[in-house]
Asks: 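The structure's right below; bear with me while I get my questions together.
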Protein chains: 2
Amino acid sequence: MQRLNLEEIGRLAGVSRSTVSRVVNGETNVSEDAKKRVQAVIDETGYRPHAAARSLASNRTGVIGLVIPSAAATLFDDPYFGRLILGATSASNSIETTLALFLFEEEADQDSLTAKIVGSGLVDGVIVTAAEIGESITDHLRRARLPFVVVGRPDDSQTAFSVDADNRSGAHMAAAHLHQLGRTRPALIAPPSNTTAGIDRRSGFLEGLAEAGLDIGDRTAEGNWTEASGQTAMESLLPHQPDSVFAGSDRMAVGAMRAIREAGLACPRDIAVVSFDGLIPADQTSPRLTSVAQPVAEVGRQAVMLLKAVIDNPAMAPQRIVLPPTLLVRESCGTEATSP
Amino acid sequence: MQRLNLEEIGRLAGVSRSTVSRVVNGETNVSEDAKKRVQAVIDETGYRPHAAARSLASNRTGVIGLVIPSAAATLFDDPYFGRLILGATSASNSIETTLALFLFEEEADQDSLTAKIVGSGLVDGVIVTAAEIGESITDHLRRARLPFVVVGRPDDSQTAFSVDADNRSGAHMAAAHLHQLGRTRPALIAPPSNTTAGIDRRSGFLEGLAEAGLDIGDRTAEGNWTEASGQTAMESLLPHQPDSVFAGSDRMAVGAMRAIREAGLACPRDIAVVSFDGLIPADQTSPRLTSVAQPVAEVGRQAVMLLKAVIDNPAMAPQRIVLPPTLLVRESCGTEATSP
DNA sequence: TTGAAAGCGCTAACAA
DNA sequence: TTGTTAGCGCTTTCAA
C-alpha cells in the first residue's frame, strides 16, 4: 500500500500535478472539464493530501494549539475545561483544522513547552486560556509573531485578541435577581481576586447591588473556587445574618449550601443562593441551584473561529468577543419574592 | 525574523548540514569537537528543527492522536476523560511528542474524521478509547496500518494493543469488602452491559460474591452510568431489602445514596454503598463514598508509552496492560463489621 | 487554463 | 567521522 500523490492523481486524470493541486485547493482557474475528471479520480482513490508536505510548501500546518496553563491536576475536577475543549474541537473539525492540546503541569514546563510550540512551526496559532493574571506565555507568542487568541480577559485587551464570557454582566444579573426576589441582606463569596474572572464577577455583583440600592456591608468573603473554600466562606458569613448569597462559582455554591444546611438553616427560605457557571448538573444539588450560566463551549468555538480569522488575515485589528451568560432560574433562590 | 535552518547552523558552526542533523538527533557518530561547536550555535541561536520538514523527510510527525468517540457532550460531566487526557498529555510531553485531540460528536463525524486521521499522515499513531463494543474505527486503523492502542478492552485482545483498568478485580474487591464488613444481602447496580467495563465489573462483583459465599438473588438492576439511573435502580432494589449495594460507577452511587436517603434509610447503617471509579472528590457526598479507584491518568500515561513503543517497533507482539485499582475506604460502608 | 520547474527544511543513503 | 546528494509531496511562480 503506497501513498498516492498529486503526480499519480494527475497521471490518472490526464493532467499535471499543478492542476490537481488547484482542484484540491478549490482554486477557480481550472476548466470545468479538468476539474470534473480530477475530482472523479480523487473520489475513486480516496486521495488525501499529505499534511507535512503541504505545510512545508505552504507554511501552513492546519493545526492549532489549545494551551491550558497551571497545575492541571485540579482543573479537571470541574467541567469547565472539558466544555471548552469540546467547543474548540467541534469548531476545529468544522473548519478542517486539528486541535493539539498543550497542558502545562508545572512552571518548569512552561518555558520549554512554549519554546516547542513557537519554535517547531507545529501550529498555525494558539488559543491560550488565561487562568491567572500576569502570564508570560503571551509575551513569547507575541515576540514570535505567532497568532494567538486569549480565552478570558488579557492584561492588555487593547492589543490582543480575546474571547470571554461576560462575567461582569452575569454577576450583575445575579444581584438583580436577588433584589427582585426581595432579598435585602445579600452576601458575596467572591472568586479569587488574582483572576480576571474573579475581579469581574465581584465588581459586576457589587455594581448590580448598588443599582438596586442594596449594600453588601461586611457580608463578603473570598474563596478559591473550591467547594471547601465556599463552605468556609459561608461559615464566616453566617454570623452577619445574610438572607442571600452570590457564590462566584458553582462549586463554591455547593460548599456554601452545605454550610447553610449544617448550620440548621434552610435554602432558599433562610438564605437564597445564586452562583456563577451553570456547569454542574441541575439535580446534583438540593434544592437545585440557580446559576448564571456562562456559554463555555461557545467561548471555545468562537475562540477557534477568531483564531482562524487572525491566521488568515494577520493584519486584522485586535478584537474582543464577549459572550452573554444566561440566568438559569431554579430553586435555590426560591421563585417568589419574600415579603419584606 | 527569518527561520533558521540546518544549513545556516552548519555555516555558523563550520560544518555541513548533515553533521548538524546528526547532533540534533543525538546520533553518536559525531566527533566531540564538532558536537560541541554545533551545540553552542544551537543554544545561542535558539534553533529548532522544522516539524513539517522533518515529517516529510522522515515519515514521522511526532504527533499522536487521542480519539474519543461517541456523543462527547455528556462525557465531560464526569472527570474520567479529563483525567485520561491529563495523563496522556503528561506522558506525551515527557517523550517529546504532541497530543492531538479528536472528538467524534456524531456518528457522521466518525467516518470523515477517521479518514482524515489515517489519510493525512498527520499522526504517527492513535489512542482510541473504546467506549462501546463494536467500534469500526479500529478496523479502519488496522487496514491503514496505523499503529494504535485501545484504552479499555478491545473485542479482540488477541491482536490489539490495549491498556485498561482491572475492572474485574476491582469489582471483586468491592464484593470482598462488603463481605468483610459482615453484609449478607448485597445488591448490584450494574453498569451498562453493552460496554466491556460494564461486563467486567458485573462479573467481577458476582465472582467476588460467590467466593465469599454470598448470593445476589434478584437484588440486581442495570443503570446507564448517570446519577438518575442510579437513583432509579436503587429505588427498584429497595423492596428486596438489601443491606449493601455495589454501584458500578461513582455517579450511579450518588444517585443510589439519594434514593436511600429519600426512602428514609441511612447509609451506611441500613445500606452500605461501595462504588467504582474513585473519581469524584471525597467530600462531595455525605457520608463520603467508599470506592474502587481506577488509575485513569496512569492508564492514559501507559497508553502513550505503549503507543510509542509500537510506533518505534511495528513488529512488536500485541500486548495488553491491565492496571490494578485500589480500594478507597471511606465512610459509606461503615468501617466496622455489622453484627449478623 | 495549463504545465514545467524551483524549492520549502529535513533525513538518509552513499561516498569519501 | 564527515560531506554530498537525492528526494519526501506539496505549493507557487512563471511561461506558454
Side-chain angles (χ1 to χ4, degrees), chain A residues 1-39 41-42 45-63 96 118-124 311-312, chain B residues 1-39 41-42 45-63 96 118-124 311-312:
Chain A
M1 165 143 160
Q2 86 133 30
R3 175 164 262 293
L4 288 164
N5 60 24
L6 281 186
E7 194 74 49
E8 181 68 8
I9 301 295
R11 201 179 56 71
L12 292 173
V15 296
S16 76
R17 75 150 158 260
S18 309
T19 300
V20 180
S21 172
R22 291 184 185 109
V23 173
V24 169
N25 292 300
E27 286 173 35
T28 50
N29 49 349
V30 183
S31 68
E32 268 312 312
D33 180 53
K35 188 184 299 186
K36 207 173 300 173
R37 284 207 321 279
V38 170
Q39 192 58 56
V41 175
I42 289 177
T45 56
Y47 165 79
R48 290 224 135 216
H50 187 103
R54 204 173 216 183
S55 311
L56 185 57
S58 67
N59 241 328
R60 280 297 197 77
T61 66
V63 177
E96 293 277 285
V118 305
S120 64
L122 197 70
V123 299
D124 292 334
I311 291 170
D312 289 345
Chain B
M1 163 143 162
Q2 86 134 32
R3 176 165 261 292
L4 289 165
N5 60 24
L6 282 186
E7 195 74 48
E8 181 68 6
I9 301 296
R11 201 179 57 69
L12 292 174
V15 295
S16 75
R17 75 149 157 261
S18 308
T19 299
V20 180
S21 172
R22 290 182 186 111
V23 172
V24 169
N25 293 300
E27 286 173 36
T28 51
N29 49 348
V30 183
S31 69
E32 269 311 311
D33 180 54
K35 188 183 300 184
K36 207 173 300 172
R37 285 207 321 277
V38 169
Q39 193 57 55
V41 175
I42 290 177
T45 56
Y47 165 80
R48 289 227 138 212
H50 188 102
R54 200 172 221 185
S55 311
L56 185 56
S58 67
N59 240 329
R60 281 296 199 77
T61 65
V63 177
E96 294 276 284
V118 305
S120 63
L122 197 69
V123 298
D124 292 334
I311 291 170
D312 288 344

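What's counted below: heavy atoms across the whole structure, side chains too, no hydrogens, waters or symmetry copies. All chains are named by letter (A, B, ...) in the order of the sequence lines, taking the proteins before the strands, and each is independently numbered beginning at 1.
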Asks: Can you pull out how bent the helix from C:dT1-D:dA16 to C:dA16-D:dT1 is, comparing the axes over its first five and last five pairs, to 10°?
Replies: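 Comparing the first five pairs with the last five, the axes sit 30° apart.
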Asks: CG of B:Asn59 versus C1' of D:dG9: gap in Å, rounded?
Replies: 11 Å
Asks: On DNA chain C, reading 5' to 3', which nucleotide is the first and which the last to sit with an atom under 4.0 Å from a heavy atom of chain A, could you check?
Replies: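 The contact span of chain A on DNA chain C goes from C:dT1 to C:dG9.
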Asks: Heavy atoms only, 4.0 Å cut-off, all strands: where does B:Ala52 land among base, sugar-phosphate and nothing?
Replies: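 If one applies the 4.0 Å heavy-atom cut-off, B:Ala52 turns out to touch nothing in the nucleic acid.
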Asks: So, using side chain to side chain donor-acceptor pair (under 3.5 Å) as the criterion, who are the partners of A:Asn59 when residues are at least two apart?
Replies: none
Asks: With sequence neighbours left out, write down each residue that passes side chain to side chain donor-acceptor pair (under 3.5 Å) with A:Ser55, or none if nothing qualifies.
Replies: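 Scan of A:Ser55 (side chain to side chain donor-acceptor pair (under 3.5 Å), adjacent residues dropped) gives none.
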Asks: Let's see if you can work this out: which of D:dG3, D:dG9, D:dT2 has an atom nearest to the side-chain heavy atoms of B:Val30?
Replies: D:dT2
Asks: Any non-hydrogen side-chain atom of A:Leu122 less than 4.5 Å from a side-chain atom of A:Val63?
Replies: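 Answer no - side chains too far apart.
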Asks: Enumerate the salt bridge (Lys or Arg N to Asp or Glu O under 4.0 Å) contacts for residues 10-28 of chain A, please, sequence neighbours excluded, ordered by first and then second residue.
Replies: A:Glu7-A:Arg17, A:Glu8-A:Arg11
Asks: Return each pair, listed once, that meets salt bridge (Lys or Arg N to Asp or Glu O under 4.0 Å) where at least one residue sits in residues 49-59 of chain B; pairs must be two or more places apart or across chains.
Replies: none
Asks: Could you tell me which residues satisfy salt bridge (charged side-chain N to carboxylate O under 4.0 Å, His left out) with A:Arg37, sequence neighbours excluded, listed by chain and number?
Replies: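 Salt bridge (charged side-chain N to carboxylate O under 4.0 Å, His left out) check on A:Arg37 returns A:Asp33.
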Asks: By side chain to side chain contact (heavy atoms under 4.5 Å, CB included), which residues pair with B:Thr45, not counting sequence neighbours?
Replies: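 Per chain and number, B:Thr45 pairs via side chain to side chain contact (heavy atoms under 4.5 Å, CB included) with B:Leu4, B:Ile9, B:Leu12, B:Val41, B:Tyr47.
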Asks: Just jot down the side chain to side chain contact (heavy atoms under 4.5 Å, CB included) partners of B:Ala53, sequence neighbours excluded, or say none.
Replies: A:Leu56, B:His50
Asks: How many whole angstroms separate atom CZ of A:Arg11 from atom P of D:dC10?
Replies: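 Value for this atom pair: 15 Å.
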Asks: Say you draw a straight line from CD1 of B:Ile42 to NZ of B:Lys35; how long is it, rounded to the nearest 0.5 Å?
Replies: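 Output value for this atom pair is 11.5 Å.
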Asks: Check whether any side-chain nitrogen or oxygen of A:Tyr47 sits under 4.0 Å from OP1 or OP2 of D:dC10, and answer yes or no.
Replies: yes
Asks: Go along nucleotides 11-16 of chain D 5' to 3' and tag each nucleotide: B for a protein heavy atom under 4.0 Å from its base, S when only backbone or sugar atoms are that close, - otherwise.
Replies: BBB---
Asks: My understanding is that only residues two or more places apart in sequence, or in another chain, count here; which of them pass side chain to side chain donor-acceptor pair (under 3.5 Å) with B:Ser16?
Replies: none
Asks: Rounded to whole angstroms, how far apart are CD on A:Glu7 and C1' on D:dC10?
Replies: 11 Å
Asks: Which atom pair, heavy atoms only, marks the closest approach of B:Asp124 to B:Thr61?
Replies: OD1-N, 2.7 Å
